[in-house]
Every structure is written in C-alpha cells, then in structure tokens.
There are 2 protein chains.
Amino acid sequence: MATIRDVAKLAGVSVATISRYLNKSGYVNVETEQKIKKAIEALNYEPNAVARGLAGKKTNTIALILPDISNPFFPELARAVEDVASMYGYTVILCNSDDEGVKEKSYIEVLKKKYIDGIIFASNTLDSADVEQMTKKGIPVVCLDRVPPKQSCSVVRSKNREGAKLAVEHLLSMGCRKIAHIYGPQEFITAKERLAGYEEAVMHLDWYSPTFMIQGDFRIEGGIRATELLMERHPDVDAIFAGNDLMAVGTLKALHRMGVQVPGQVAVCGFDGIGMTEITQPELTTVAQPIYEMGALVSRILIKKIEGTLEADQTYELDVALVPRESTLRRNGHESS
Amino acid sequence: MATIRDVAKLAGVSVATISRYLNKSGYVNVETEQKIKKAIEALNYEPNAVARGLAGKKTNTIALILPDISNPFFPELARAVEDVASMYGYTVILCNSDDEGVKEKSYIEVLKKKYIDGIIFASNTLDSADVEQMTKKGIPVVCLDRVPPKQSCSVVRSKNREGAKLAVEHLLSMGCRKIAHIYGPQEFITAKERLAGYEEAVMHLDWYSPTFMIQGDFRIEGGIRATELLMERHPDVDAIFAGNDLMAVGTLKALHRMGVQVPGQVAVCGFDGIGMTEITQPELTTVAQPIYEMGALVSRILIKKIEGTLEADQTYELDVALVPRESTLRRNGHESS
DNA sequence: AATCAATATGTAACCGGTACCACATGACAG
DNA sequence: CTGTCATGTGGTACCGGTTACATATTGATT
C-alpha cells in the first residue's frame, strides 16, 4: 500500500500539501491539485484510516450497545443505525450487553481505547452518572428508551404511556370490558410507563382491580406463564394487553393451548410492532413503535453530536401507532366511539 | 490519558521495557515488573488500541458482512459471532450488504483502510476471485454457505441436500404422497442444493413431476405467492416443503387464507430453524441448521486464521436436524419406517 | 582465562497520517 | 515605498505504540 509520502514524492510536493488536498483544509493550487490527483491515481493510494485515527483522534466508528441482537426488537433498530451510519461514512461496532452492567462497562473500556467516536445505548443498566462520565471524557452518547436526563445526553424514546392508553381504548372500543395487563420488568422504564398508562386508562372503570395486572418478563415464556396465572385468577377477562409483543405471542400460545378463542373470547394486544406480529395466527394487534425511525434518528443525532452540529441535547418522544389486526377484531365492537 | 512514555518515566525505565512487559515479549526483570505494575496502576494507564493498530497492523477487530441483519436468520448468527469474538478479545463491525456486490466491495475498501483483522462473509455476491484477492492481500476471510473453493478460504456450511431429503422422508413417513417444493433463488447455493436434495428424494416416486417445483424468493411474500400458484396448479398436493422458514411461514399464511387445513389437508415443512417457526400456528416443522454453532464456528476459524494457528483451510459441513412439529403431524402417518 | 548463552534494558526508527508554524509571492491600500 | 492580506507550499513535531539492534551483566562451559 502506498503512503502519503509516496504520493508526495511522486507528485513532487510535500506531505503537508497532500494532506491539505485530501482534507480540503488550507490552500492548494489547481495545478498542484492535478499533479496530486494523478499521483494518487497512479499509486492507487488510499489514506490509512488507523493512522488518521491516531493523529486526529477520530475513527469514523460508532458503537451500538444493545441487550441482545437476537431479541427481535433489535435487528431492525441495528439495521437503521447501520444504514444511517454508513450513509455518513461511519462504521458500526455491535455489542451485546445482555443488560449486564459488567459487560457494558467492559465494552466501554475497549471502545474508548479504540477511539470510538460515539456510542448508542439501547441497553438498560447504565445510570445517568455513567453517561455523564462518558460525555465528560469526550465520548458523545445517545440513549434509547431512557428517562430524560438533565445532563448532556440526548434520548430517543416513544410514547409508552400514550401507547398503553391507545391499546386500552382500542380494546374498549372493540367491546372488551375486562382488560388485563401483563407488564414487563419494572427496571425497564418502558415497562413502567406502559403499566402506568394502562392503569391510568382503566382505573376509573368499575371493574378495575389491581389483580388484573400481572408481571411478565418481556419474553414469550413469561407471557405464557403470566397468561396461565391470569386466566386462573380471572377467568372473566375478555382482553389481555401485553407489555410487549413477545409476551403477547406467549399469551396467544397459552390461550390457544387452553382452547380459548382469540379474539372471540379474549382479545390480545401487544406493544412494539416487531415483525413477528404479522405471522401469528391470528395476526396480532399491537401498538407499533417506529423502530426503524428510532434507530435512524438516534444515529443521526449521535453523528451530529460527533460532528459538533447538534445545537443542544434533547429528548425526542416519538409517536406510536395502534395497528389493529385480527387478535382484537370483535364483531360486537364499534371502532368509532 | 497516560501514555506509555509517562509510564516509562514514572517507572524509571524505557518505553521498550514497558512494551515488552505489556506484550510479554522479551525479558523483563521481576523487580522491574513490579515497578512497572505500580506505575501503570498509579497512572491508570491503558494502552491505546489505535496506536497499537498502526504500529502492529493488528486491530483486534473483525467484520461480519451479511445481507441484512433484519432477516431473522442473521441475528442469531451475529450473536454467536460476537460472543466468540469478544471472548477472544475481538470487536465486531456489522455490515449489511443487501446482497449487493457494490456495497460489499465498498465495505471491503473501508475495512481494509481500517486494518481490520479479518472478514466473515455471510453474503452471497462475492465470487471466489474476490475472495482470493482478499486473502492474497493478507486479509483472512471465512465464508458461510458457499460452495467449497479450491483456494485459501475456509467455509462453513450445512448439509442442505441431506436436509432436503430429511424433509421429504419425514413428510413421506407422515403419510404424504404428493410433496411440492418451493425453492429459493438459484443464485443461492443453499437454495440450489435444497432443490437438488428434494428432486433426488422424489424423482423416483410415481407421482413425480417438475410441476411440483415452484420458485419463491426466500421471503414470506414469495412463499405466499408461490403457494397460491401451486395450489391452483396442483390442488392435489398434500405437503409443501419450503426452501426456507420464511417461505414456509408464507405458505402457512396462504393456506390459512384459502381455508386449507394444516397439517390435515396439507403438511408444511420449512428449512433453517429460525425462532419464528415456534410461534406460528400450527408450529412449523423445519430442518434446523445449527445457526448459533455455525456463527461460533466461523468466528473461531477466522480468529485462528488471524492468529496463525489454523493448520489448513477446510470446508466444514454441519449436520442439520429435522424438528418435527405440528405442521406435519398427521395421524395417519407412521413416524417409524 | 576466554567464550558463550541467557537475561535485562535502552535508543531510536518506524507505522502513516495531521497540523502548527515559517516562509515566499504578488496584489493592493495608504 | 511599506504594510497587510490572500494564496500556496514545505519542514517537522506529534499522535502512542512496536521492534530491530546495540549494549551490559552474569554465570556456566571449556
């Protein structure tokens, strides 16, 4: 591989001039420019990114730290992040944290040593002190689904509370009268907010009782178990709103095993809008987050932050949308109202 | 951040000694070692990975080039690759090629400039000349699902042909007598081999006809369309073997829309063993590839190759396993025989 | 006593860029 | 005629490591 000095020699100028030409920093005469162009062509020269990284402390690399890429929520997000990143000339390092603080921290150590330009956190263990420390050390950070922090860190999230209300309203409008909720682990702010939204929407209704709320684990298995427990406790429910799609899939499975008709006897609604919801039988009604958009946005914000064109850190709350499908389609409902 | 020279100064030795100590290359006296340890501790020194990369042309970074991380086959693979990589101290760069040669090539250019240590290809457009060129330039490459090449490149694949036969045999043993096959795009060697395996397994049967083979696109939509066409052409089929799970899901959807019972009237079998197969209704019988193991293996091979401990390039053909589920469960079948 | 290998450490070039600073030239204002 | 500014270019220190080579000490071998 040719180096900048080879090019300089061949073009008959100094390395400084080549560097100026490459980075469009400083003056370069048009004729000189031509000579340089030719030399670069002739030598098939490509600037070395590592050397650039060392000299400039900028590597055009960002990291995406998420709990687990095999969780169906994240591939689409990762895809969006990578699409935007590559559009802006950045490369993406993928890190699976399993939501374990230790792993996160150790990734951060490695990434710092690699002069990573910035980090996207879609993982949940980091607290705001950690984040602040990062930004203080000059590493831009943007977070997903986190509570809006005071300090320097943008956050992208979606309207979980509103989404939950949307779900409840939809179920009510479909004629459901006893709507249960399977909530996710309360360490996750998303789970907390969805639960809050549910409670807010149902607490004034006459049938309301805390026993309609039951804990799940945001996974299929947890959805199954929670549904079993729930149906035992409340054989009278006619709708289940699960805190995420995976648990809703579990609910569907459990109800099917019990011989309960969906949506005939019990309507089911999920949350997230992952692809799986379109392949269940019946297809799953869900409160869809704009997953791709979230990834694209978070990634654009990070890059802006890296390049210093971000005015101020902000929290972006994206709209969610109810996607009505078979699993809540009840003839006795009336979608108006 | 402290540098190696700071440490050297504080420990009262030269940078060379520090470097030797850090890399366990060359001699370092035990007492000196202690002094260095203390100095490193005191300064909270961490070697700079970029500088190391520049000096040693080794970055402890590998790239994973795949068509699309949001295709359900790849997240598990990516997870495995990242798990193994991080276990060995490597970091993974994720690249989505969309199976477009141009994107692949442009990623490769970027990655070379970044002194990436090696590449895993799970994408399909690169031909063996490209691969050879890579290895010639000193970049280790390992491929997934590719035809075994003569030259220096290990390949991990699974027994597609055998898997297809397994599927057909299973369907026959379940009492099916007219088994159709929806095959994937023939640019993909996997699709080709599965088709070949199917043909081999059924061509001697009396009902055999090429009209039982129909093209899909390896996606849900293609599975739906192919199934519609097929059922119109052959209302008499009692089993459909789809070339991958996504198409099988499409088949399930299409049959459900037509009111065809699965497995009662038509049994359905997929290929790949992605998570989705467990959440369809009925659950999908599939020929499962050991996806995680493939990722782990390919990643281990690459790292061995990078570290020079790989004896010779090889092709690894992994076993597939038929996972019988509801979608092929026919009472009139006899799983023995 | 001379020779040699093993141990231990330092010097400095090198990896391939960036960027600060100095310097040169020509035009134009005062 | 001098000062200033825009344009254009080169020299070189620096980023933070690695490593080839030189040098020194020590103990064992012959």
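Throughout, a chain's letter reflects where its sequence line sits, starting with A, and its residues are numbered from 1. In what follows, every heavy atom counts, from backbone to side chain, and hydrogens, waters and symmetry copies are set aside.
- If you check residues 4-21 of chain B against DNA chain C, the residues with a heavy atom closer than 4.0 Å are B:G12, B:V13, B:S14, B:V15, B:A16, B:T17, B:R20, listed by number.
- Between the side chain of A:T59 and the backbone N or O of A:Y115 there is at least one donor-acceptor pair closer than 3.5 Å.
- Residues satisfying the salt bridge (charged side-chain N to carboxylate O under 4.0 Å, His left out) test with A:R157, not counting sequence neighbours, are A:E193, A:E317.
- How far SG of B:C153 is from CG of B:D313: 6.5 Å, rounded to the nearest 0.5 Å.
- The closest side-chain heavy-atom distance from A:L111 to A:C95 is below 4.5 Å.
- For the pair A:I274 and A:I291, the minimum side-chain heavy-atom distance is below 4.5 Å.
- Contacts with DNA chain C (heavy atom under 4.0 Å) in residues 46-61 of chain B: B:L54, B:A55, B:K57, listed by number.
- Applying the ring pair (Phe, Tyr, Trp, His ring centres under 6.0 Å) rule to A:F188 yields the partners A:F218; only residues at least two apart in sequence or on another chain are considered.
- For A:D117 (side chain) and A:N60 (main-chain N/O), a donor-acceptor pair under 3.5 Å exists by modelled atom type.
- Shown for residues 23-41 of chain B: residues whose heavy atoms fall under 4.0 angstrom of DNA chain C, namely B:Y27, B:V28, B:N29, B:T32.
- For residues 22-48 of chain A, every residue pair satisfying the salt bridge (Lys or Arg N to Asp or Glu O under 4.0 Å) rule, not counting sequence neighbours, is listed here: A:E46-B:K113.
- Between B:E104 and B:F121, the closest side-chain pair of non-hydrogen atoms falls below 4.5 Å.
- An angle of 50°, rounded to 10°, separates the two end axes of the helix from C:dA1-D:dT30 to C:dG30-D:dC1, each defined over five pairs.
- With a heavy-atom cut-off of 4.0 Å to chain B, the contacted part of DNA chain C has its first and last nucleotide at C:dA6 to C:dG16.
- Among A:I120, A:L144, A:I93, the single residue meeting the side-chain contact (heavy atoms from CB on, under 4.5 Å) criterion with A:L64 is A:I120.
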Going by atom type alone, with no hydrogens or angles, which donor-acceptor pairs under 3.5 Å involve a side-chain atom of residues 75-86 of chain B and a protein atom two or more places apart or on another chain?
| unit_1 | atom_1 | unit_2 | atom_2 | d |
| --- | --- | --- | --- | --- |
| B:R79 | NE | B:D83 | OD1 | 3.0 |
| B:R79 | NE | B:D83 | OD2 | 3.4 |
| B:R79 | NH1 | A:D68 | OD1 | 3.1 |
| B:R79 | NH1 | A:D98 | OD1 | 2.8 |
| B:R79 | NH2 | A:D98 | OD1 | 3.4 |
| B:R79 | NH2 | A:D98 | OD2 | 2.8 |
| B:R79 | NH2 | B:D83 | OD1 | 3.2 |
| B:E82 | OE1 | A:N96 | N | 3.4 |
| B:E82 | OE1 | A:Y107 | OH | 2.9 |
| B:E82 | OE2 | A:Y107 | OH | 2.5 |
| B:D83 | OD2 | B:Y292 | OH | 2.5 |
| B:S86 | OG | B:D83 | O | 3.4 |

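- Put simply, CD1 on B:I306 and OH on B:Y90 are 4.5 Å apart, with the number rounded to the nearest 0.5 Å.
- Sorted by first and then second residue, the salt bridge (Lys or Arg N to Asp or Glu O under 4.0 Å) pairs involving residues 289-302 of chain B (not counting sequence neighbours) form an empty list.
- Think of the region where chain B sits on DNA chain D: with heavy atoms and a 4.0 Å cut, that region ends 5' and 3' at D:dG16 to D:dT19.
- In this structure B:S97 satisfies the side-chain hydrogen bond (donor to acceptor under 3.5 Å, both in side chains) test together with B:S123, sequence neighbours excluded.
- There is a side-chain donor-acceptor pair under 3.5 Å between B:K114 and A:T61.
- Looking at A:S154 and A:Q314, their side chains never bring a donor and an acceptor atom within 3.5 Å of each other.
- At least one side-chain heavy atom of A:M294 sits under 4.5 Å from a side-chain heavy atom of A:D145.
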